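Structure first, then comments.
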Amino acid sequence: MKKIGIIGGGISGLYLANILNNNSNFDYKVFERKSNFNFLEGYGIQLSVNSIKLLNKLNFNNLSASEVCFPTKVNFFNSNNSKKICDINLSQFNDDQNRYTTTKRSTLLKFLLKNIPKEKIRFKTTLTHVEEGENTKVYFSDNSQENFDYLIIADGIFSQSKSIILNKSFSPKYNNSIAIRANLKGYNFENISIFMGSNFHYVTYPINQNNEYNFVAILKKKLTTSDLDYNKNSPNEFKYLLKKILNKNSIIKFENLTEIKAFPVFVSKNFPNINQKNIFFSGDALFAFSPSFAQGASQSIETAQDIFDCIISKSDHSYKNRFRKIYSINLRSKINNFVFHLSNPINIFIRNIILKYLSKNKKFLENYLGKIYRN
Ligand SMILES: Cc1cc2nc3c(=O)[nH]c(=O)nc-3n(C[C@H](O)[C@H](O)[C@H](O)COP(=O)(O)OP(=O)(O)OC[C@H]3O[C@@H](n4cnc5c(N)ncnc54)[C@H](O)[C@@H]3O)c2cc1C
């Protein structure tokens, strides 16, 4: 029986734990820094069909229908007059069994935790040291030590374990933008709406069937290193900025937002380079992109699946292929971010004409979205 250690109990680590849990050839353990999971946050997540296909193999489609939504369109608006520019039909990428889905992040986490026995997760534990070899010796912050055949690093964007394993500091870079997340009520949108403004965009989508919505705004903002020390930074400044934006003809009213949280957006600079055949990086610890393509969670799930396939097949083929896919998603995230934030009125005028055309161009959509969504 192969022993697998998973560092980080986020979307990627828990997805992998679920596949291993269904396979009696493996023994596994998840090591999580936090003391427990937070299910109270109501923020949302978008899951495109590429990850839904994998989640449905774990019976995600048996979740109560009231806890998920299946948006069929992405609507694009000018934020300064709330006029619709165009829409993209998302359902063209669905199949009979798998549909583009939005839900609460906590609903996904609860689902991923449902079948994992309690003794398989060790909380308040981080990796401190690794001795590589055919059988990797791993040392933990609680002074314990375990041997694993495979070690999976899935401790998120600020992965400490990555720096420990690669023996050099590996920090993500600030993406010159601030994300503001909130819960939204009092509307009746069925679909995903993207409102584009000068140097910002915001997105709303339903997260269940109870008229609850996710709101996330991405504002371009240069910050110095000391500004980036989040504790020194006043989130109220960003809330004020958001209020000003929404007061300008937006159909989303600032007063309808609750649990507003602002934080700087970080992205990966490059892929971690590792020669060790039995250590894998997954999810944001492997590569984190800007949230403008809404693929972070889906890629975290797909990469975890690739890692499992590699372990089974004893070949790193699918893991290496994933790098190519992540590279193309990163490019699309950057393009989206640029296009959504244009500020010059002439550029905006031209962008809107191009968007109207491309949003109905099957060839373009298949290439830009279909390639990613259809796996
Ligand atoms: C504003 C915003 C909006 C987003 N919206 C979407 C979206 O709509 N759709 C989408 O697909 N993606 C979205 N993403 C991206 C997505 O949230 C991430 O890509 C995804 O959560 C990454 O999963 P993960 O498992 O790699 O990491 P995480 O979910 O961050 O999990 C990492 C886990 O590791 C634990 N941990 C941390 N350090 C250690 C340590 N040293 N030892 C042990 N455990 C540790 C953490 O506590 C955590 O539980 C968004 C991101 C942002 C910033």
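The figures that follow rest on heavy atoms only: side chains count, while hydrogens, waters and symmetry mates do not. Just follow the structure's listing: the first ligand is 1, and inside any ligand the first atom is 1. Owing to the predicted nature of the structure, the values given are computational and were not obtained by experimental measurement.
With sequence neighbours excluded, no residue forms a side-chain hydrogen bond (donor to acceptor under 3.5 Å, both in side chains) with S163.
Between F111 and F60, the angle of the ring planes goes over 60°, which puts this pair in the perpendicular group of the 30/60° scheme. Between F364 and Y368, the ring planes lie parallel to each other; the angle is under 30°, not in the 30° to 60° tilted range. Ring orientation note: the planes of Y213 and F189 are nearly perpendicular, at an angle over 60° on the 30°/60° scale.
Listed for the Y319 side chain is a donor-acceptor partner under 3.5 Å among the backbone atoms of F281.
Judged by the 6.0 Å and 45° rule, K3 forms a cation-pi pair with F148.
Contacts of ligand 1 (protein heavy-atom distance under 4.0 Å) are I7, G8, G9, G10, I11, S12, F31, E32, R33, K34, I45, Q46, R105, T125, T126, A154, D155, G156, Q160, A179, R181, Y205, V216, F263, G283, D284, P291, A294, Q295, G296, A297, S298, S300.
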